[in-house]
2 protein chains.
Amino acid sequence: MYSLSEENYLKAIYHLSNHGQDSVNTNAIAEEMKTAPASVSDMIRKLSKKKLVDYQKYRGVNISTKGKDIALKVIRKHRLWEVFLVEKLNFHWDEVHEIAEQLEHIQSPVLISKLDEFLDFPKHDPHGDPIPDDDGNFATVKKEPLSEIEEGKSCKVVAVNDSNSAFLKYLDKVGISIGTSIHINERIEFDGSMEITLNKEKSLTISQIAAQNLLVTTA
Amino acid sequence: MYSLSEENYLKAIYHLSNHGQDSVNTNAIAEEMKTAPASVSDMIRKLSKKKLVDYQKYRGVNISTKGKDIALKVIRKHRLWEVFLVEKLNFHWDEVHEIAEQLEHIQSPVLISKLDEFLDFPKHDPHGDPIPDDDGNFATVKKEPLSEIEEGKSCKVVAVNDSNSAFLKYLDKVGISIGTSIHINERIEFDGSMEITLNKEKSLTISQIAAQNLLVTTA
DNA sequence: TATACTTTTTAGATATGGCTAAAAAAAACA
DNA sequence: TGTTTTTTTTAGCCATATCTAAAAAGTATA
């Protein structure tokens with residue numbers, strides 16, 4: 001069994017490592033975890049001793065297969081609980097992250113498998129992120145920021161990059177949610193904003209910042 | 001906000017204090033918490049400094065109003081989660097305690113009020129124990145061990161004294177659950193066992209130990 | 001390539017919550 | 001009431017996880 005801190009570090013390292021691809025800086029972890037870099041060094045040494053990360057001093061860390069397993073289990077729990085909170089308890093999608101941060105550390109494999117069943121085996125959380133199965137596998141849809149889509153093309157919202165409350169509230173206000181289809185009418189070059197049409201109905205202008213945080217698929 | 005340890009100590013002290021009536025021994029707390037008495041002394045001092053218990057050295061502790069509030073909030077959460085696990089996730093009543101011990105420490109008042117609503121405001125957990133409301137009030141049914149009921153009388157099972165798994169499995173096997181009506185046909189003096197009839201249907205003999213752990217009401 | 005800057009690690013704290021062993025106080029009893 | 005036993009507390013540890021300040025290593029640049 002791993003401590004709450006260990007689980008949180010592994011989750012952060014996994015996120016920063018682009019799904020286990022790249023090695024990760026101490027400072028980046030410190031920023032993600034909101035701790036001092038010195039604390040990160042200590043914890044990294046500890047995780048390394050437990051073979052959860054590969055680590056050479058001053059060279060950054062790579063998450064190990066074992067570490068990735070643990071990170072994915074925590075992510076699975078986080079996302080399942082988010083579905084529960086939204087679908088069953090009627091939370092709004094901008095309210096669930098903090099609570100799921102706590103619930104993701106509950107230790108009980110049977111609880112998670114029963115919760116999964118109760119929720120009818122969801123494949124995505126309320127923000128569109130995929131829910132890994134018990135073995136850590138999940139479907140990857142090729143998603144890119146809306147800001148990358150060319151003028152005249154169409155796409156569908158599949159996830160949000162940042163699920164901070166203010167951004168999600170903004171999306172609600174303008175009528176964008178997971179599954180919304182978007183047509184790019186015009187890209188405004190000077191500020192990166194875009195004029196778009198939602199579900200072939202409603203047109204609006206969206207800022208570059210917002211477009212960068214909205215993940216879409218063109219498939 | 002209080003730490004996991006503080007919450008567990010307060011819960012233990014509340015339980016041992018007979019709902020805040022009596023003062024509690026250091027050794028009793030140590031046994032309940034499965035820690036060394038020295039650790040209890042330390043924690044008591046800490047809780048006392050925070051005014052969660054009244055404490056004089058060598059004189060035992062009394063839980064304060066503030067401490068009782070916290071204990072009851074934790075108990076409320078524990079019992080609501082137990083209902084969730086049994087009613088929604090189809091856990092068996094002997095499997096839920098350990099998981100609820102973890103879930104009871106999740107901090108989110110709105111989560112609990114939404115869970116309460118989702119469960120349709122239950123008044124009792126799966127073991128028959130009352131669920132305090134948000135202000136810490138709960139209905140008290142006068143309950144006594146089955147072992148205290150006289151020959152020839154009838155009663156109804158309202159709770160179990162000890163929810164250890166082996167005992168609950170035994171109850172299932174013989175067909176006793178919360179709500180079962182029991183008639184005492186005969187009390188066997190020499191070993192304290194009893195011959196009883198369940199729901200006016202099935203007769204069996206129950207040991208003194210089992211009868212002491214089964215709480216009933218004659219009202 | 002030597003120097004300056006940035007990143008990372010180490011050293012030495014702090015706080016929490018636990019332990020054992022010994023001392024002190026209270027309780028039991030002869 | 002004095003002595004023994006039990007209970008409780010204190011003293012001095014340990015481990016986890018954090019911090020700041022300083023040192024060390026790596027990177028960039030003149």
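A, B, ... follow the sequence lines: proteins, then strands. Residue 1 opens every chain.
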**Study point:** Pairs flagged by ring-ring contact (aromatic ring centres under 6.0 Å, His included) wherever residues 46-81 of chain B is involved - sequence neighbours left out
**Key:** B/H78-B/H97, B/W81-B/F84
**Study point:** Pairing residues for B/K169 by the salt bridge (Lys or Arg N to Asp or Glu O under 4.0 Å) criterion, not counting sequence neighbours
**Key:** B/D94
Practice item. Could you tell me whether the phosphate oxygens of D/dT16, OP1 or OP2, come under 4.0 Å of any side-chain nitrogen or oxygen in A/Y2? Key: no
Practice item. Let me have a per-nucleotide readout for nucleotides 8-13 of chain D, 5' to 3', with B, S or -, counting only protein heavy atoms under 4.0 Å. Key: BBB---
Check your understanding: B/E6 CD to C/dG18 P: how many Å, rounded?
Key -> 10 Å
Point to revise | Flag, side chain of A/E82 to backbone of A/P126, donor-acceptor distance under 3.5 Å | key: no
Practice item. Could you tell me the separation between the CE atom of A/M43 and the C1' atom of C/dT10, rounded to a whole number of Å? Key: 17 Å
Return all side-chain donor-acceptor pairs below 3.5 angstrom for residues 105-123 of chain A, not counting sequence neighbours, or 'none' if the list is empty.
unit_1, atom_1, unit_2, atom_2, d
A/H105, ND1, A/E7, OE1, 2.6
A/H105, NE2, A/N8, OD1, 3.0
A/H105, NE2, A/E101, O, 3.4
A/Q107, NE2, A/E7, OE2, 3.0
A/S108, OG, A/L111, N, 3.1
A/S113, OG, A/V110, O, 3.4
A/K114, NZ, B/N90, O, 3.2
A/D116, OD2, A/R76, NH2, 3.2
A/K123, NZ, A/F121, O, 3.2

Check your understanding: Rounded to whole angstrom units, what separation is found between the CE atom of A/M33 and the C1' atom of D/dC19?
Key -> 15 Å
Review point. With sequence neighbours left out, what residues match A/N161 under side chain to side chain donor-acceptor pair (under 3.5 Å)?
Key: none
Identify every side-chain donor-acceptor pair in residues 21-32 of chain B under 3.5 Å, counting partners at least two apart or on other chains, and give the distances.
none

Review point. Does a nitrogen or oxygen in the side chain of B/S5 sit under 4.0 Å from OP1 or OP2 of C/dG18?
Key: yes
Exercise for review: Send over the distance from B/E7 CD to C/dT16 P, rounded to a whole Å.
Suggested key: 16 Å
